[in-house]
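These figures come from a predicted structure and were not determined experimentally. Positions are given from 1 along the sequence. Ligands are counted one by one from 1 in listed order, and the atoms in each one are counted from 1 as well.
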Amino acid sequence: MPPIRKVAVFGASGTFGTPITAALLNAGFEVTIVTRAADGSSSSSSPPTTSKTFPAQVASVVEVDSYGDVAALAAALAGHDAAVSVLGPAALAHEAALVDAAAAAGLRRFVVNDFGWGQNPRCFPEMREVGARRHVAWDRARDRADADPAFTWTGVTIGNPIDWALRRFPRMGFNVAERTAAIYDSGTETFTGTTLEGIGQAVVGVLRHPEATANRFVKARSIQTCQNELLDAFQNQNNNNNNAPGQQQQPWTVTHDSVAGLRESSRQKRQAGVAGWILDLLVAQLYDEGEARCVVAPSRQDSDADLLGIREETAQEVAAKALGLAG
Ligand SMILES: NC(=O)c1ccc[n+]([C@@H]2O[C@H](COP(=O)([O-])OP(=O)(O)OC[C@H]3O[C@@H](n4cnc5c(N)ncnc54)[C@H](OP(=O)(O)O)[C@@H]3O)[C@@H](O)[C@H]2O)c1
């Protein structure tokens, strides 16, 4: 397969789209951003409300009215080698249309929207129901590749987006603003995570190795860790941080909680129709002791990290990123 050079990105201004786009540009790909028009009539419930800014180095920005318009999308994708979908969950209903457009435009690779747990066989049954909606586009990509071997796809399974998630979700057990930690059960259950840096590199790695990554989910990981190791790392950051003279960092306050409590909280919220039940369940899944429910690959060798060029990161590095002390 000739090298992939021209890449279109959907969702480039999003949480993961931003580091992915930056990594593609840094790696020398020619990047087109496909985005909804500012006054777009996207059939999704929430058209964009703010004007978006994209990196100056992108080759072009193409606006479409709707991610459901296959003909318009195919026109936007014409002439590209590959496309990456990293649209937010709210756009899930459009993912199959993106696959159809990529195939119609003659793209050689479509990176389907996973950036999650892939086909995790160890997830809780409730999560399986939530994840099933994502399979529609994955199945469509498989069908398109079966029908036309020139069209190929890849899914990037990242597991926990660890530096971003630790900062964003105190429910994971670390409130970085208030320096409080809630350790679930013994705090020893390990899980794998991929940092924003690793997520960007994973997509670069897929496009640099089209043969080795064709028609499969690749397994990304930057670290395998547990809560106790992360707590040590957060506390060490405080010790090592260059505080202003005379200024003492507050030690972290540590409390204890349980996975059973998380599961019960999730169940009650779901029954009451209250938001947050999925997050509770995701965290319960992460720390469910002895179950390895959130280990994308049990070792670096079992993952695609080396192939994709994702570096191994330490708990110290991840904690620094979660605290906003490192990029
Ligand atoms: N592993 C995990 O724990 C984890 C955590 C978070 C996310 N994810 C996954 O990562 C992927 C990307 O998520 P993200 O958080 O980066 O996405 P995001 O920031 O919420 O959104 C990315 C882009 O999607 C488009 N978009 C947003 N809402 C839309 C709507 N209602 N209709 C149409 N387009 C819309 C926007 O692009 P334009 O404005 O340019 O159209 C937006 O910039 C998803 O598959 C998500 O499920 C996984």
Side-chain angles (χ1 to χ4, degrees), residues 8-23 31-55 58 60-69 72-73 76 83-99 111-120 123 127 130-138 141 155-169 171-172 191-196 198-200 202-203 217 219-222 278-286 293-296:
V9 180
F10 295 92
S13 63
T15 306
F16 298 166
T18 300
I20 288 169
T21 303
V31 175
T32 297
I33 287 171
V34 186
T35 184
R36 289 170 296 169
D39 60 350
S41 55
S42 169
S43 57
S44 71
S45 53
S46 62
T49 50
T50 53
S51 60
K52 290 160 276 194
T53 53
F54 298 114
V58 299
S60 58
V61 176
V62 180
E63 293 188 340
V64 292
D65 284 338
S66 165
Y67 290 133
D69 183 342
L73 293 171
V84 180
S85 175
V86 64
L87 293 176
L92 202 57
H94 296 310
E95 294 289 346
L98 303 191
V99 175
V111 178
V112 296
N113 198 345
D114 179 10
F115 303 104
W117 297 95
Q119 292 149 315
N120 183 4
C123 68
M127 291 310 302
V130 173
R133 294 186 301 136
R134 308 174 74 85
H135 289 230
V136 175
W138 303 349
V156 179
T157 297
I158 61 159
N160 184 268
I162 189 164
D163 52 339
W164 172 79
L166 283 168
R167 192 172 171 78
R168 173 82 173 71
F169 300 116
R171 197 64 166 150
M172 255 183 85
F191 63 98
T192 57
T194 309
T195 60
L196 294 181
I199 294 168
V203 175
F217 285 84
K219 296 178 177 181
R221 51 171 267 171
S222 307
I278 293 180
L279 179 61
D280 284 355
L281 204 61
L282 278 170
V283 177
Q285 204 167 258
L286 209 56
R293 293 191 190 278
C294 291
V295 175
V296 164

Exercise. Could you establish whether Ala12 and ligand 1 come within less than 4.0 Å of each other, counting only heavy atoms on the residue side?
Key: no
Practice problem: Could you name the option among Gly88, Gly14, Gly68 that has the heavy atom nearest to atom 13 (O) of ligand 1? | Solution: Gly88
Quiz item: Does Asn160 come within less than 4.0 angstrom of ligand 1, counting non-hydrogen atoms of the residue?
Solution: no
Quiz item: With sequence neighbours left out, what residues match Trp164 under ring pair (Phe, Tyr, Trp, His ring centres under 6.0 Å)?
Solution: Phe16, Phe169
Quiz item: Quick one: which ligand 1 atoms are inside 4.0 Å of a heavy atom on Ser13?
Solution: 43 (O)
Quiz item: Counting heavy atoms only, which of Leu87, Asn113, Val156 comes nearest to atom 45 (O) of ligand 1?
Solution: Asn113
Quiz prompt | Set of salt bridge (charged side-chain N to carboxylate O under 4.0 Å, His left out) partners for Arg171, sequence neighbours left out | solution = Asp280
Quiz item: Just wondering, do Asn160 and Trp117 contact through their side chains at under 4.5 Å, heavy atoms?
Solution: yes
Quiz item: Does Glu95 reach the side chain of Val136, with side-chain heavy atoms less than 4.5 Å apart?
Solution: no
Quiz item: Within less than 4.0 angstrom of ligand 1, does Leu282 place any heavy atom?
Solution: no
Practice problem: Using side chain to side chain contact (heavy atoms under 4.5 Å, CB included) as the criterion, point out the one residue from Leu73, Val64, Val111 that pairs with Phe10. | Solution: Leu73
Quiz item: Does Phe10 have a heavy atom less than 4.0 Å from any atom of ligand 1?
Solution: no
Practice problem: Assess His94 for proximity to ligand 1: is some non-hydrogen atom of it under 4.0 Å away? | Solution: no
Quiz item: Can you tell if the side chain of Val9 reaches within under 4.5 Å of the side chain of Val86, non-hydrogen atoms only?
Solution: yes
